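I have a structure I would like to understand better, so I am pasting it below and will then ask my questions one at a time.
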Amino acid sequence: MKRSVVVVGGGFAGVACAKGLAKHGVDVHLVDRNNYHQFQPLLYQVATAQLGVPDIARPLRDIFTKHGTVRVTTGEVVAIDADSKTVTLADGGTLSGDVLVLAAGAKANFFGTPGAEAHAYPLYCVDDAERLRSRILGIMDAVDRDQKYLQQGAFNFVIVGAGATGVETSGALAEMVRDVLPHFYPDLPTLLLNVIVVDRAPHVLNGFSEKSQAFATRALEEDGVEFRFGTGVKEIHPDRVVLSDDSEIITHLVIWAGGLEASSVVGAAGLAQGRGGRIDVEPDLTAPGYDDVFVIGDAANHTDRDGNPLPQLGSVAQQAGTWAARNVIATMSGHPTTVFEYHDKGIMAMVGRNAAVAELGSDRHELTGPLAFAAWLGVHASLLSGVRGKVGALASWGQDYVSKKRPTALVDHPEDYRIDWDEEG
Ligand SMILES: Cc1cc2nc3c(=O)[nH]c(=O)nc-3n(C[C@H](O)[C@H](O)[C@H](O)COP(=O)(O)OP(=O)(O)OC[C@H]3O[C@@H](n4cnc5c(N)ncnc54)[C@H](O)[C@@H]3O)c2cc1C
């Protein structure tokens with residue numbers, strides 16, 4: 001019986017898979033470029049200083065202390081040989097197993113938009129969130145020193161994409177403008193700060209019901225968020241964005257929530273890539289042509305039992321990880337693998353204080369407002385990894401709710417904090 005598995009990626013999918021394999025005493029070698037697991041759904045709260053990094057990230061070695069057969073390696077995977085089940089790390093080292101699980105997740109997809117990669121702020125990892133936080137603080141501190149920067153668009157924050165990430169980030173920024181910045185910068189006209197969301201679609205929250213979309217739009221507009229629907233972003237410069245209707249917004253902060261594609265290393269595996277650069281996996285989560293290579297989570301295009309595509313969600317990744325572990329065990333024991341069945345628990349998005357939208361279960365029972373807000377808090381706290389994360393996040397949310405203080409508003413990326421106001425596109 002084959003006994004060792006290399007798992008690339010310690011996100012929702014990779015961690016769930018490694019845990020499932022460890023339960024059966026399988027030797028697992030889990031490799032990730034970071035030494036921690038990160039909870040992407042709350043990155044925007046790190047960027048807006050509602051949570052600290054330790055609330056949403058946990059060392060992988062800590063997660064697996066009680067799983068004796070799981071070995072964690074920190075390293076960047078640069079090449080994958082699906083035939084020999086071998087991955088090569090940036091330092092030249094290699095890891096091999098009998099089975100390979102590719103769970104390397106996604107990265108921002110800039111769709112070739114000129115200037116986006118150089119000047120926009122994506123939000124896909126802890127580093128992105130810290131960079132964005134430093135940028136926001138850099139702009140605020142600069143205007144606090146000299147309000148002349150207002151003429152250069154300092155108070156225009158542009159968000160590209162009105163999906164869940166764009167909605168949650170714009171809501172958090174609007175709340176920051178209303179509740180937090182006036183205390184931090186009492187001498188500034190912070191209420192003049194504009195949060196502008198641009199999307200080609202005619203509405204927010206694609207995939208949600210019209211009721212949820214209308215609720216989120218209304219709540220955000222009441223909070224001062226401005227929407228430019230039916231509008232794309234043509235170019236991004238250090239000092240402005242050019243929109244598809246050729247209008248321009250002067251700005252020094254563009255947040256990219258405009259879409260994602262599979263991580264670069266997914267393409268290095270030599271497997272045929274489908275939509276979004278992801279691998280169109282077989283119903284049992286194996287890569288086409290390989291019964292000992294599994295691709296899961298945001299690196300894969302998953303489908304439900306009827307062949308409908310599943311969204312790139314933490315819940316899909318986590319369940320695919322657990323299911324893949326089960327199928328790896330089946331393969332090792334000479335049993336047939338089974339078709340992945342996703343248990344749809346619903347979707348939700350935070351819109352702002354006391355305001356969220358939730359569509360629960362596969363029949364999409366709709367909740368909006370404070371009830372959905374409470375459901376969102378409960379679900380996200382329970383999903384956070386480890387007691388430290390759960391307690392830390394709940395304490396931070398409580399403090400934020402009551403006192404509106406932001407003790408994690410720290411500058412840790414000086415290169416993003418320092419702004420060259422004279423740089424032109
Ligand atoms: C801002 C944001 C908000 C979201 N909100 C929600 C939400 O509210 N609800 C929800 O269900 N889902 C949400 N999602 C989606 C959810 O987070 C993803 O679907 C989920 O994280 C996918 O899990 P994964 O394990 O496939 O990938 P990831 O969690 O991305 O993990 C992939 C791992 O692979 C590692 N890796 C990648 N390339 C390499 C390499 N070359 N070498 C070594 N390691 C590598 C990465 O470091 C990472 O740890 C959100 C995503 C984002 C970005």
Side-chain angles (χ1 to χ4, degrees), residues 6-18 30-47 56-58 60 63 72-80 87-91 95 101-109 121-129 132 159 161 163-169 172 205 207-208 255-269 276 278-279 285 295-302 310-322 324 342 344-350 356-358 376 379-380 383 385:
V6 173
V7 177
V8 179
F12 284 103
V15 166
C17 185
L30 179 84
V31 56
D32 198 296
R33 62 158 68 97
N34 301 313
N35 82 328
Y36 51 81
H37 164 80
Q38 56 195 357
F39 191 82
Q40 286 179 343
L42 292 174
L43 287 172
Y44 78 94
Q45 296 208 356
V46 173
I56 68 143
R58 184 177 171 201
L60 285 162
I63 294 176
V72 174
T73 290
T74 304
E76 177 85 24
V77 175
V78 291
I80 296 176
V87 304
T88 305
L89 306 181
D91 66 2
L95 303 172
V101 176
L102 188 48
K107 62 174 182 153
N109 186 350
Y121 281 78
L123 199 47
Y124 288 94
C125 62
V126 164
D127 194 52
D128 289 345
L132 177 53
I159 299 177
T165 302
V167 161
E168 293 189 327
T169 308
L205 293 178
F208 282 71
I255 301 170
W256 189 268
L260 45 85
E261 61 183 337
S263 287
S264 311
V265 75
V266 174
R278 296 177 286 265
I279 309 299
L285 307 177
V295 189
I296 49 176
D298 281 3
N301 285 319
H302 294 301
L310 292 171
Q312 275 67 54
L313 283 179
S315 48
V316 174
Q318 212 165 34
Q319 291 183 37
T322 306
Y342 175 57
D344 187 354
K345 295 181 187 161
I347 45 178
M348 47 178 63
M350 174 65 84
V357 291
W376 187 99
V379 167
H380 284 76
L383 285 173
S385 182

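Bear in mind the structure is a predicted one, so any value in this text is a computation, not a measurement. Read the numbers this way: they start at 1 and go in the same order the structure lists the ligands and their atoms.
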Residues Tyr342, Ser315; criterion side-chain contact (heavy atoms from CB on, under 4.5 Å); working and verdict: CA-CA 9 Å; Tyr342 175 57; Ser315 48; 2.9 Å; yes

Checking Gln312 against Arg278 for the side-chain contact (heavy atoms from CB on, under 4.5 Å) test, could you report, in this order, the C-alpha distance in whole Å, the side-chain angles of both residues, the deciding distance, and whether it holds? CA-CA 11 Å; Gln312 275 67 54; Arg278 296 177 286 265; 3.4 Å; yes

Under 4.0 Å from a heavy atom of Gln312: which atoms of ligand 1 are those, numbered in the order shown and with their elements?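 It comes down to these atoms of ligand 1: 15 (C), 19 (O).
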
Asp344: what forms a salt bridge (Lys or Arg N to Asp or Glu O under 4.0 Å) with it, not counting sequence neighbours?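 Testing Asp344 for salt bridge (Lys or Arg N to Asp or Glu O under 4.0 Å), a comparison that skips the adjacent residues, returns Arg364.
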
Thr165 contact mode with ligand 1 (heavy-atom cut-off under 4.0 Å):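 For Thr165, only side-chain atoms sit under 4.0 Å from ligand 1.
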
Measuring from the heavy atoms of Tyr44, does anything fall under 4.0 Å of ligand 1?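 In this structure, Tyr44 fails to qualify as a contact of ligand 1 - no heavy atom is under 4.0 Å.
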
Report the part of His37 (side chain from C-beta onward, or backbone N, CA, C, O) that has a heavy atom under 4.0 Å from ligand 1; answer both or neither where that applies.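 Near ligand 1, His37 shows nothing, with every heavy atom at 4.0 Å or more.
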
Test your reading of the structure: does Gly314 have an N or O sitting under 3.5 Å from an N or O of ligand 1?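 The answer is yes, given that Gly314 and ligand 1 share an N or O pair closer than 3.5 Å.
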
Between Asp128 and Leu43, does a side-chain contact (heavy atoms from CB on, under 4.5 Å) hold up when you go through it step by step? CA-CA 8 Å; Asp128 289 345; Leu43 287 172; 5.9 Å; no

Atoms in ligand 1 flagged as close to Gly75, the criterion being non-hydrogen separation under 4.0 Å: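 Every atom of ligand 1 under 4.0 Å from some heavy atom of Gly75: 42 (N), 43 (C).
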
Taking non-hydrogen atoms only, is Pro41 closer than 4.0 angstrom to ligand 1 via side chain, backbone, both or neither?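 For Pro41, the contact with ligand 1 is made by both the backbone and the side chain.
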
With a 4.0 Å cut-off on heavy atoms, does Gly321 reach ligand 1?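 Gly321: no contact with ligand 1 (<4.0 Å).
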
Is it true that Leu43 lies under 4.0 Å from ligand 1, counting heavy atoms only?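 Judged by the 4.0 Å heavy-atom criterion, Leu43 does not count as contacting ligand 1.
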
Backbone, side chain, both or neither: what part of Leu313 comes under 4.0 angstrom of ligand 1, heavy atoms only?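 Looking at Leu313 and ligand 1, atoms from backbone and side chain both fall under 4.0 Å.
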
What do the steps show when you test Val77 against Leu89 for side-chain contact (heavy atoms from CB on, under 4.5 Å), and what is the final call? CA-CA 4 Å; Val77 175; Leu89 306 181; 3.8 Å; yes

Does His380 come within less than 4.0 angstrom of ligand 1, counting non-hydrogen atoms of the residue?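 His380: in contact with ligand 1 (<4.0 Å).
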
